[in-house]
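Only one structure is covered here, and it is reproduced in the block below.
When a ligand or atom number is given, it counts from 1 through the structure's own listing order. By convention here, the first residue in the shown sequence is residue 1.
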Amino acid sequence: MPTVKYQKGDTVMGRWPGSSLYYQVKVLGFDSKSQLYTVIYKDGTELELKEQDIKSVSGFQTRSRSRSRSRSPGRRRSRSRSPARTTRRSSARTAAAVAATAITESTPSSRRDTRLKDTVEVRLSPMEQTKAAENSSNNKHEKKEENNTASKVIEKSEAKVEAESEKNQGPYNLRRRKADGDAKPAEAKPDQPEKKAKEAAAPSTIPSAPLDFGGKIGAYFWLLFLPAWVLFVILQGNLADPSLINAPPPLPPLDTFWDAQALGFVILWILFQALLYILPVGKLSDGMPLRSGMRLKYRTNGFFAIVVSAIVVAVAVHQGADLTYIHSHFLQLATATFIISVLLSIYLYVRSRYGASEELALGGNSGNVVYDFFKGRELNPRIKNFDLKFFCEMRPGLIGWCLINFAMALAEMKKHNLDAPSYAMILVNLFQLLYVVDGLWNEEAILTTMDLMHDGFGFMLAFGDLVWVPFTYTLQAYYLVLHPNALSLPAVTAIITLKLIGFYIFRKSNSEKNAFRRNPSDPKLSHLKTIPTATGKSLLVSGWWGVVRHPNYLGDLIMALAWSLPCGFSHLLPWYYMIYFIILLVHRDSRDMSDCRRKYGSAWDEYCRTVRYRIIPRVY
Ligand code: NDP
C-alpha cells in the first residue's frame with residue numbers, strides 16, 4: 001500500500017495557486033485516486049494540492065532558526081526577553097519572511113521582482129495568524145539583524161501590502177474574514193488547547209463565505225418575494241389577459257388557498273419519490289471530498305425513478321385518474337408544497353444547530369438567524385443514508401415538473417375538446433422532458449455542481465427545489481391551457497432545430513468538462529489544450545471551454561429560448577423563464593468566476609485572458 005506522507009489533521013505549508021507563496025494549512029484528507037490532498041487555509045479556503053505543493057512547517061522554521069543560530073547568543077537572550085515580540089508589524093514582517101524563504105530559495109534573484117509582484121497582490125492576513133506562534137522569535141532587534149537583501153526587498157513589499165491592505169479588494173483576497181474573527185486568539189495562544197478545541201467546535205468559529213444575495217436585508221426580501229412571485233404568476237396565468245404590466249390580480253379569499261386533499265397528494269408524491277430513491281437499485285456514486293476529507297455515497301437512480309413514475313402515472317390515468325385536477329388545483333397544490341418547504345426549512349435550521357461544525361456550509365453560518373435560515377447551514381443533511389438535499393434537488397420537484405406538464409396537456413385537451421395536445425403544448429412537454437431525463441440520466445454530474453458542493457440546505461434550496469421549479473418552470477404549459485398558440489409547421493421545425501442546437505452545446509460542453517474532471521488523461525481529450533494550476537487540476541482552454549467560459553450556460557439559454565417560443569409573443573408571462581434564467585445564469589457565472597479566481601489564482605486570470613467572453617462569444 002502506498003504511504004501517505006501527510007496525515008489528516010497535520011499542519012503544513014501549502015503553496016498558494018499560481019504563486020510561489022506558502023501558507024500554513026491543515027490537511028483534511030487524501031484522495032488516493034487523484035493523489036491529491038484536501039487542505040484548508042486559515043481563511044477557510046479549501047483546495048486540493050499535490051504532494052509537491054506541500055512542505056512541512058518545520059522546513060520553514062528550520063531555515064529561520066538556522067539564521068538565528070548564526071546570531072550572537074546575546075542577541076538570542078535579548079530576543080527571548082523582548083516585550084515587543086508580538087507587535088503586528090513584526091508578525092507581518094515575519095510572515096513576509098516566510099514567503100521570502102520560498103521566493104529566495106526557489107527563484108533566481110533576477111526573477112524575484114516578478115515573484116514579489118505576487119506578494120503584493122496577496123493580502124497577508126492569514127500569514128499574520130500563522131506568525132502568531134512564531135512571534136516568540138521576534139523583537140525590535142531582529143529588524144536590524146535581518147538586514148540582508150531578501151528581507152530588505154520583503155520589507156519594501158510588506159510596506160506596500162500594509163499600505164494597500166484596506167483598499168486592495170483584488171482577486172487574491174486571503175484576508176481573514178469577519179466571521180472567523182474568533183479564530184485569531186485561538187491561533188495566537190497555541191498553549192491553550194482547551195480554548196482552541198472549544199472554539200474549533202463552536203459553529204460561530206467556522207469561517208463563513210461573504211454574504212450573498214444582498215446579505216441580511218436581502219434574505220428578508222427573498223423570503224417574502226419568492227413565494228409572492230410564485231403566487232403572482234399562478235394567478236396571472238389564470239387571467240384572460242395575463243399582461244405583466246397590468247395591476248396584480250386581486251388576492252382570492254384565503255380559504256381558496258387551502259385544500260387538504262392537495263396536501264395529501266403532495267405528501268404522497270414526495271413519499272413515493274422517497275421510496276424510489278431508497279430502493280437498492282442503480283449506482284452508488286461518490287460525492288466530492290468534504291472538508292473532513294470524507295466522501296459521501298449517493299444513490300444515483302434518478303432515471304429509474306422517472307421511468308417507474310411514468311409507468312405508475314400512465315397506469316393511474318388508464319384506471320381513470322383525472323390528472324387535470326393538477327391544473328384546476330394548481331394554487332392549492334403550490335400552497336401545500338410551500339407549507340412543506342417551510343416546515344422542511346425549519347427542521348433543517350433546527351437540526352443544523354445541533355450538528356458538528358465541520359458539517360456546516362461555509363456560506364450559511366453568518367450568525368444572523370434569518371440569513372442562515374434562508375441560505376442554509378448544513379451542507380449535507382442526512383437521515384441515516386437518506387441525503388435530503390440531493391433527494392430534493394433531483395426527485396420530487398424535477399420529476400413533478402414533468403408530471404405537471406403532462407397534466408397541463410391533458411387539461412388543454414379537455415378544455416378545448418381536442419383529441420391531441422396542440423403543437424405548442426407537445427413541444428413544451430417534449431423539450432422539458434428531454435431536459436429532465438437528460439439531467440437524471442447524468443445524475444452523477446450534479447455531485448460536482450455548486451448546489452451540492454458549496455450551498456447549505458435551507459429555505460433557498462428547499463423552496464427552489466420543491467416549489468419554484470415545479471410551479472414556475474411549468475408556466476409555459478400552464479399558460480398554453482388557457483392561451484393556445486397555433487404554430488405552423490415551418491415554425492415547429494425552426495423551434496425544434498433551435499432546441500437541438502442548444503441541447504447539443506449544453507450536453508457536449510457539460511460532458512467534456514465532466515469527462516476531463518473525472519479523468520484528465522483520457523486519450524479522447526488529448527487534443528485539448530489546458531492550463532495547469534497550482535492545485536494540481538488543469539483548466540481546459542480549447543474545445544467548448546475555449547469558446548466561452550460557460551458554454552454550458554449558452555446551450556441552456558438557447559434551450560430556454562426554444563421553450564418560450566411555442567407560446568408566441570402575445571404575452572410576456574411565458575417568457576418569464578427566459579428572463580429569469582438570464583438573470584440566474586449571469587449571477588451564477590459571476591459567483592463561479594470569483595470562486596475560481598480564489599481557487600486557481602493567476603492561472604484563472606490567464607484562462608480569462610485567453611478565453612475573453614463569459615457566455616456569448618463576442619457579446620458577453
Ligand atoms: P458548471 O458546470 O459550469 O461548473 C463550473 C465549474 O466548472 C467551475 O467552478 C470549475 O470547477 C469548472 N470549470 C470552469 N471552467 C473550467 C475549465 N475551463 N476547465 C475545466 N473546468 C472548469 O456550473 P453550474 O454548476 O452552475 O452548472 C451546471 C449546469 O447546470 C449548466 O449547464 C447550467 O446551465 C445548469 N443549470 C441549470 C439550472 C436550471 O435551473 N435549469 C440552474 C443552474 C444550473 P472545478 O475547477 O472545481 O471543477
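Listed by number with element, the atoms of ligand 1 under 4.0 Å from a non-hydrogen atom of Tyr473 are 39 (C), 40 (O). Of all the atoms in ligand 1, the ones that sit under 4.0 Å from a non-hydrogen atom of Thr449 are 25 (O). Of all atoms in ligand 1, numbered sequentially from 1 with element shown, those under 4.0 Å from a heavy atom of Lys537 are 45 (P), 47 (O), 48 (O). Atoms of ligand 1 found under 4.0 Å from any heavy atom of Phe506 (numbered from 1 in listed order, with element): 32 (O). Below 4.0 Å from some heavy atom of Tyr435 lie the following atoms of ligand 1, by number and element: 37 (C), 39 (C), 41 (N). Listed by atom number, the atoms of ligand 1 under 4.0 Å from Tyr600 heavy atoms are 45 (P), 46 (O), 47 (O). Counting the atoms of ligand 1 from 1 in the order shown, those under 4.0 Å from a heavy atom of Tyr607 are 18 (N). Atom numbering of ligand 1 starts at 1 in the shown order; those under 4.0 Å from a heavy atom of Tyr577 are 41 (N).
Proximity annotation for atom 42 (C) of ligand 1: of Leu584, Ile505, Leu539, Leu584 comes nearest, heavy atoms only. Comparing heavy-atom distances from atom 32 (O) of ligand 1 across Leu452, Asn510, Thr533, Ile446 singles out Asn510 as nearest.
Ring centroid separation for the pair Phe516 and Trp545 does not come in under the 6.0 Å cut-off.
Between the side chains of Ser564 and Tyr577, not a single donor N or O lies within less than 3.5 Å of an accepting N or O. Under the 3.5 Å distance criterion, with hydrogens and angles disregarded, a donor-acceptor pair is assigned to the side chains of Ser366 and Asp372. Between Trp229 and Tyr580, the side chains place no donor N or O within less than 3.5 Å of an acceptor N or O (distance only, hydrogens not considered). A donor and an acceptor atom, one from each side chain of Asp556 and Tyr435, are located under 3.5 Å apart. A donor-acceptor contact closer than 3.5 angstrom links the side chains of Ser521 and Asn519.
Ring geometry for Tyr504 versus Trp544: interplanar angle over 60°, hence perpendicular rather than tilted (30 to 60°). The aromatic rings of Phe303 and Trp441 lie perpendicular to each other, with more than 60° between the two planes, well past the 30° mark. Note on ring orientation: taking the six-membered ring where Trp is involved, the planes of Phe471 and Phe330 are tilted (angle from 30° to 60°).
Contact annotation for atom 30 (O) of ligand 1: protein absent (non-hydrogen atoms, distance under 4.0 Å).
Among protein heavy atoms, the minimum distance from atom 24 (P) of ligand 1 is reached at Tyr553 OH, 3.6 Å. For atom 44 (C) of ligand 1, the closest non-hydrogen atom on the protein side is Arg588 NE, 3.6 Å. Among protein heavy atoms, the minimum distance from atom 38 (C) of ligand 1 is reached at Phe581 CE1, 3.7 Å. The protein atom (non-hydrogen) at minimum distance from atom 11 (O) of ligand 1 is Lys599 NZ, 3.4 Å. Nearest protein heavy-atom contact of atom 4 (O) of ligand 1 is Lys513 NZ, 3.3 Å. Closest protein heavy atom to atom 21 (N) of ligand 1: Arg517 NH2, 3.1 Å. Remark: minimum distance from atom 19 (N) of ligand 1 to any protein heavy atom is reached at Leu540 N, 2.9 Å.
At distances below 3.5 Å, at least one donor-acceptor pair connects side-chain atoms of Ser594 with backbone N or O atoms of Ser590. Between the side chain of Lys5 and the main chain of Glu51, no donor-acceptor pair closer than 3.5 Å is present. When atom types are taken as modelled, the side chain of Arg377 and the backbone of Ser352 share a donor-acceptor pair closer than 3.5 angstrom. For the pair Arg299 (side chain) and Gly282 (backbone), a donor-acceptor distance under 3.5 Å is present.
Under 4.0 angstrom from ligand 1, the non-hydrogen atoms of Asp592 all belong to its side chain. Contacts with ligand 1 closer than 4.0 Å are made by no heavy atom of Ala445, backbone or side chain. With a 4.0 Å heavy-atom cut-off, ligand 1 is reached by no atom of Tyr580.
Considering backbone and side-chain N/O of Asn552, one or more are found under 3.5 Å from N/O of ligand 1. The shortest N or O to N or O distance between Asp556 and ligand 1 is below 3.5 Å. Residue contacts with ligand 1: Trp604 is placed with no nitrogen or oxygen under 3.5 Å of a nitrogen or oxygen of the ligand (distance criterion only). Inclusion of His550 in the set of residues having an N or O under 3.5 Å from an N or O of ligand 1 is warranted. Taking any N or O of Cys596, backbone or side chain, none lies under 3.5 Å from an N or O belonging to ligand 1. Considering backbone and side-chain N/O atoms, Arg549 never comes within less than 3.5 Å of an N/O atom of ligand 1.
The salt bridge (Lys or Arg N to Asp or Glu O under 4.0 Å) test with Asp451 is passed by exactly one of Arg588, Lys389, Arg591: Arg588.
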So Tyr6 and Phe30, side chain to side chain contact (heavy atoms under 4.5 Å, CB included) or not? Walk me through it. CA-CA 8 Å; Tyr6 304 106; Phe30 177 73; over 6 Å; no
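Looking only at side-chain heavy atoms (C-beta outward), Asn380 and Tyr298 come within less than 4.5 Å of each other.
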